[in-house]
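In what follows, a structure is listed as structure tokens, so that the remarks can point back to it.
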Amino acid sequence: MKIHEYQARELFSAAGLPVPDARVARTPAEARAIAAELDVPVVVKAQVLTGGRGKAGGVKLAADPDEAEAAAEKILGLDVRGYIVEKVIVAMASDIATEIYLGAIVDRQSRSVLLMASAEGGVEIEEIAKTNPAAIIRVAADPATGLASHQAREVGFKLGLDWPQVRQFDSIARKLVQTVVDLDASLAEINPLIITPDGELRAIDAKVNIDDSAVFRHPDLAELRNPEEETGPEREARENGISYVNLDGNIGCMVNGAGLAMSLLDVIQLNGGEPANFLDVGGGANADQVRTAMEIILDDPAVELVLVNIFGGITRCDDVAKGVVAATQELSRTVPLVVRLVGTNEVEGLQILEEAGIAAHRDMVDAVRVAVAGVTA
Amino acid sequence: MKIHEYQARELFSAAGLPVPDARVARTPAEARAIAAELDVPVVVKAQVLTGGRGKAGGVKLAADPDEAEAAAEKILGLDVRGYIVEKVIVAMASDIATEIYLGAIVDRQSRSVLLMASAEGGVEIEEIAKTNPAAIIRVAADPATGLASHQAREVGFKLGLDWPQVRQFDSIARKLVQTVVDLDASLAEINPLIITPDGELRAIDAKVNIDDSAVFRHPDLAELRNPEEETGPEREARENGISYVNLDGNIGCMVNGAGLAMSLLDVIQLNGGEPANFLDVGGGANADQVRTAMEIILDDPAVELVLVNIFGGITRCDDVAKGVVAATQELSRTVPLVVRLVGTNEVEGLQILEEAGIAAHRDMVDAVRVAVAGVTA
Amino acid sequence: MSILLNGDTRVLVQGITGRQGSFHTNLMIEYGTKVVSGVVPGRGGQVEHGVPVFNTVAEAVAETQPNCGLVLVPAFAAADAVDEQIAAGIDLIVCITEGIPVLDIIPVYHRAAAAGVRLIGPNCPGLITPGDNVKVGILPGQIHIPGPVGLVSRSGTLTYEVVQALTDVGLGQSTCIGIGGDPVIGTNFIDCVWMFQDDPATEGIVVIGEIGGSDEEECAEFIANEVNKPVVAFVAGRAAPPEKRMGHAGAIVSRGSGTAQAKIDAFRAAGVSVADFPADVARLMKERMQG
Amino acid sequence: MSILLNGDTRVLVQGITGRQGSFHTNLMIEYGTKVVSGVVPGRGGQVEHGVPVFNTVAEAVAETQPNCGLVLVPAFAAADAVDEQIAAGIDLIVCITEGIPVLDIIPVYHRAAAAGVRLIGPNCPGLITPGDNVKVGILPGQIHIPGPVGLVSRSGTLTYEVVQALTDVGLGQSTCIGIGGDPVIGTNFIDCVWMFQDDPATEGIVVIGEIGGSDEEECAEFIANEVNKPVVAFVAGRAAPPEKRMGHAGAIVSRGSGTAQAKIDAFRAAGVSVADFPADVARLMKERMQG
């Protein structure tokens, strides 16, 4: 689960991280008022659930309330990687002597919370990873005991900080790792962590992603979920235990199993088609779930045809067939169906489809070719 | 650091442990008022920093406010193992079907937080350890991750609890271990943890000892320190970094090093004398500390003679000698001195003593014999 | 021969009275697996599909001596269940449960590693050795036949797809393992490929990867250096958009890393044949094993 | 010969510029110890008693290759210092610091054990091997002479008392170790007695215990079963009242357990000679070694 910078800043503040004052504005007038109240040069920053807002013109310095209003005017409504800016924050601008990248992530390889730091702050970490991987300092923290002070100091000295700066860095790095642990975050990032000309460290940006599997035990974090993170169908799918990702094509896909669903998309592309979605209806799906999944797929007006690809293991083919038939009969919108159905109770399933006048394939690649021909015809 | 039951109950409540309502009374009238307000049968319990209050008559059931007042009348002022009762708590009485012992301690052998439980609750754990050691169930928790739920369940089932009780026990046991970890306690104990006839688990008593070495990082706990835990000299010693324990004899002892100080007491007893105190002036003690230590020793009016036993390693004999001489000259009270001084800068030290007219021994046992003869003469 | 499982495997099922636990216990027994005990707190003394149920793993171990534990309990309780099996001395643990908070599984992983316990999963379908009629988990037994191919996969149904294709061309399986779709899992590709390389009954190895992480790349390097048996791979997710979680918690192209193409390239560079679509794995393996 | 220390011991001192650190570094160097580096964050680049100071242990290890680390930093920072030395690969760590919260040292102890690191202390005077002119810690060098007696103790000054008595009767020491007076320590009596039993240069073993815990009792049992060299013990605290901490955090008779008498009885039952007062250890050892 992704949250906005302003939400992450509040979590960071609560964790004792040095986050400068900032407030949210939804209109240029609000931005002006906040800048007037802060009465210092400010930064106006787009709040979007994606990176790259700087390059898209979503971050602007403003010396006075007039400039802040003008900046907000330009930023609100911007399209940043497909997200429309609806909110900005107006934050105290800081004098910057040095910019550091600092992030804590749950790391697959080391099975730990990994602290990553680089003296090349302000740039996205994947950029640094590409251009100068040696500039990234990594240290693995034991999530049970947190980052040790000596680990933080070592990173601080490697960043070239002096001792008063290392002491601040020690506290910040340990709190950032603890934030990951306490919030079940998969990532907590400060980019840039700046050093002012006076030698003070400040978190100028804030980013937190929460482990979706752990949201259930953080009711306060669950409330931070932003509607724009998901499309309507994505939300409906999540609430029904279905994995669904909306894509740009016209072939609706219903599959049991994430790996099989991914490879169906691959095979569609390989054959010149364009999938409209990723959908994993889950293991052991019953007729109701299949019907709901079909509803979600058909909610996308771009869908011209639905391709059902089921390999029955725990999932029973007859259950799937019943759901498919029910959906075709009950849903208002109908599109052509291509079905591939094999595995547990395959015979019974095929029988049900046949009775409803739906033909089925045994081979996945065959089914894909028919589907692609169906939409391009 | 020991704290009172009523203080431990508050810590337990804050940790979410099921502690029945109770309030503190300093007079019989207060006890009556609390009983009247609770309007149920109550237990009146002495608040003393030691065990054994039950046997000493410090715990009484009271059916109504009259009885509560009478009980408090009898308990206030009682002497329990040398502690005079100044406060009681008046607590809701609970119907008891079963009594369980439950304690969490920092365990030397397993280097872990050890959970101990026994179906023979209400009895002191050392009694159970003597009479029926097999009745004590032990499980070691990793302090970094806390007691695992499965560890708690296993203990609960071994105690013979049914499933609804095990679920309550699971929560209680994990919170008790977490209390040890969060408070830097050396012990947290519920004795008895009772099961009501309705199957509800309740913590009827509460005991918490705090690791003295960790009090510095718990300012809130430091405020719970009770003056009656220490004598005035013990407090003064602690505040000066000196280890001091008041004893019943008449030979005041000043030693550098805890082991050497303990063995001085042993040798005094072995030779028929009675030490007035344990005192470790610390490694590397200087003249000032020696003078303060002498002051603390002489604060005890039972002291008839002071025996100084120094083996100079880091501690320098000349420093000690200066402190001893300063003390004899500046302190109002003077008693005979027996000094044993060897080790680093021994020659210089002996010289200083000699100039002040103080004789010194090289052998510890010789010095002890002279001291014992000095007080029994 | 095979890896991890054999005719002496004695399985304990944690969560045996649950909907999933009961259903799959029955299927495992039907397939031939020796399920010796189940554990559900508060259900001690009951019997499920003829299998005695205990309150704790410790009791079940003392009474029934299992050497393999299956975890089929809800996500909030699953890490604790794995930990209970580690503490009770079980040294092969298969955790099917999906949706476990990743920070719950990390300390348990390290405890397993320190105790020399092999943890498979979580969020995996388990493993099967057709030649011994033993399966632990939810893999459908009927599509498998005994044979020389070892298969390791991050995905469930995709595995079935490939297994069906292998079986259709007459290539049976020594052991098939689903290692799980979560970001942090107990056993990775290298662990399994290593075991298959050492297993005399395995003559060819199938690796089924997907987007996210770099396990496939590390496995490719390992194969290049240490494996002389033919290896065929398939990697799902070439069409997946970046920054979107594709069903599995671990299947995400994040910040430009973990793409299918990088994994496919790594496998090819290591001399591994990479299939374009799942069923093609069978054809390629047949070629490699004959070649 | 000796245990743990020898002529190749290269010592890193953490906290070298502190009051205690500087003072004892000087004494160690004067005694003959090879102190190769010091660590104090923020003091990197300085020199103390001719020894280079680094900001981190990792740097000091890379530059100066110590094989032994001494911790002489304040209590609030000491567990972190031990942990830093473990992480940097030092495998003999001596922690002098007194007053470390016991819950700080527990995770560090387990990390040391898992990494195969020997931790001595905390709250101990360190160790000394007179025959190689090497000492790590705060033991006064001048009272020691080389010889055949290995000594292990929970107390500092009491050790000096016994060592002086040994030296006075001409019994030199192979190695003397103070294991520390805290409830949780890295190395216990059994570890040391075991090493002394295996050390060809050690012909007799002195064990100096005190009230609190049951380390002495366990050591006595170990001696009865595994040790054939003469052992003499002294146990401090016969006159100590119950429930009172006698200086050391670990020296407390708690709830009737950990009494001096129980320990003395255990030693006697194991065939260990127990001295009535410290200096008498020397006489008893002389008798035992001649007998």
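Lettering of chains follows the sequences in order, A, B, ..., and the numbering in each one begins at 1. Because only heavy atoms are used, hydrogens play no part in the values below, and waters and symmetry mates are left out as well, while side chains stay in.
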Can you tell me if S214(C) uses its side chain to pair, donor with acceptor, with the backbone of E217(C) under 3.5 Å?
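No: the side chain of S214(C) does not pair with the backbone of E217(C).
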
Taking the basic N atoms (NZ, or NE/NH1/NH2) and the acidic carboxylate oxygens, is any pair closer than 4.0 Å for [X] and [Y]?
X: E348(A); Y: R316(A); value: no
X: E210(C); Y: K263(C); value: no
X: D212(A); Y: R245(C); value: yes
X: R238(A); Y: E229(A); value: no

Closest-packed option against chain A by number of heavy-atom pairs under 4.5 Å, given [options]:
options: S254(C), G141(C), G212(C); value: G212(C)
options: P140(C), P183(C), G181(C); value: P183(C)
options: D280(C), V235(C), D104(C); value: D104(C)
options: G156(C), G250(C), A260(C); value: G250(C)
options: A279(C), A165(C), P278(C); value: P278(C)
options: L158(C), L139(C), D182(C); value: L158(C)

Chain C contact via [X] - which portion, at a heavy-atom distance below 4.5 Å:
X: S243(A); result: side chain
X: Q109(A); result: side chain
X: D107(A); result: backbone
X: K2(A); result: side chain
X: F216(A); result: side chain
X: T145(A); result: neither
X: L49(A); result: neither
X: D211(A); result: side chain
X: L247(A); result: side chain

For the residue pair I100(C) and N123(C), establish whether any side-chain heavy-atom pair is separated by less than 4.5 Å.
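Counting from C-beta outward, I100(C) and N123(C) never come under 4.5 Å.
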
Heavy-atom contact with chain A under 4.5 Å, split by part of [X]:
X: Y109(C); answer: side chain
X: I143(C); answer: side chain
X: E98(C); answer: neither
X: F76(C); answer: both
X: E218(C); answer: side chain
X: D215(C); answer: neither
X: A75(C); answer: neither

Decide side-chain contact (heavy atoms from CB on, under 4.5 Å) for V253(C) and M246(C); before the verdict, give the C-alpha distance in whole Å, the side-chain angles of both, and the deciding distance to 0.1 Å.
CA-CA 9 Å; V253(C) 172; M246(C) 303 302 273; over 6 Å; no

Heavy-atom pairs under 4.5 Å with chain C: which of E127(A), M364(A), R217(A), K130(A) has the most?
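Winner by heavy-atom pair count: R217(A).
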
Please identify, among G257(A), A129(A), A258(A), S213(A), the residue contributing the most non-hydrogen atom pairs under 4.5 Å to chain C.
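Between G257(A), A129(A), A258(A), S213(A), the count favours S213(A).
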
Report the distance from atom CG of L166(C) to atom CG of L151(C), rounding to the nearest 0.5 Å.
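Reported to 0.5 Å precision, the distance equals 6.5 Å.
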
Pairwise distance CD1(I3(A)) to CG(N209(A)) - rounded to 0.5 angstrom:
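I3(A) atom CD1 to N209(A) atom CG measures 8.0 Å (nearest 0.5 Å).
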
Is it true that, when you exclude D220(A) itself, more than 12 heavy atoms of the residues, nucleotides or ligands shown sit nearer than 6.0 Å to its CG?
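Result for CG/D220(A): enclosed.
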
Inspect the surroundings of CD in E126(A) and state if more than 12 heavy atoms from other residues, nucleotides or ligands are less than 6.0 Å away.
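Yes, the 6.0 Å shell around CD holds more than 12 heavy atoms from other groups.
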
Run the salt bridge (Lys or Arg N to Asp or Glu O under 4.0 Å) check on R53(A) and D205(A) step by step: do they pass?
CA-CA 12 Å; R53(A) 65 185 172 182; D205(A) 193 9; 3.3 Å; yes

Could you check whether [Y] and [X], counting side-chain N and O atoms only, form a donor-acceptor pair closer than 3.5 Å?
X: H4(A); Y: E228(A); result: yes
X: S22(C); Y: H49(C); result: yes
X: Y101(A); Y: E189(A); result: yes
X: T315(A); Y: N256(A); result: yes
X: E124(A); Y: N191(A); result: no
X: S263(A); Y: D266(A); result: no

Sub-4.5 Å heavy-atom contacts with chain C: which residues of residues 275-282 of chain A show up?
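Residues F278(A) are the ones that qualify, each having a heavy atom under 4.5 Å from chain C.
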
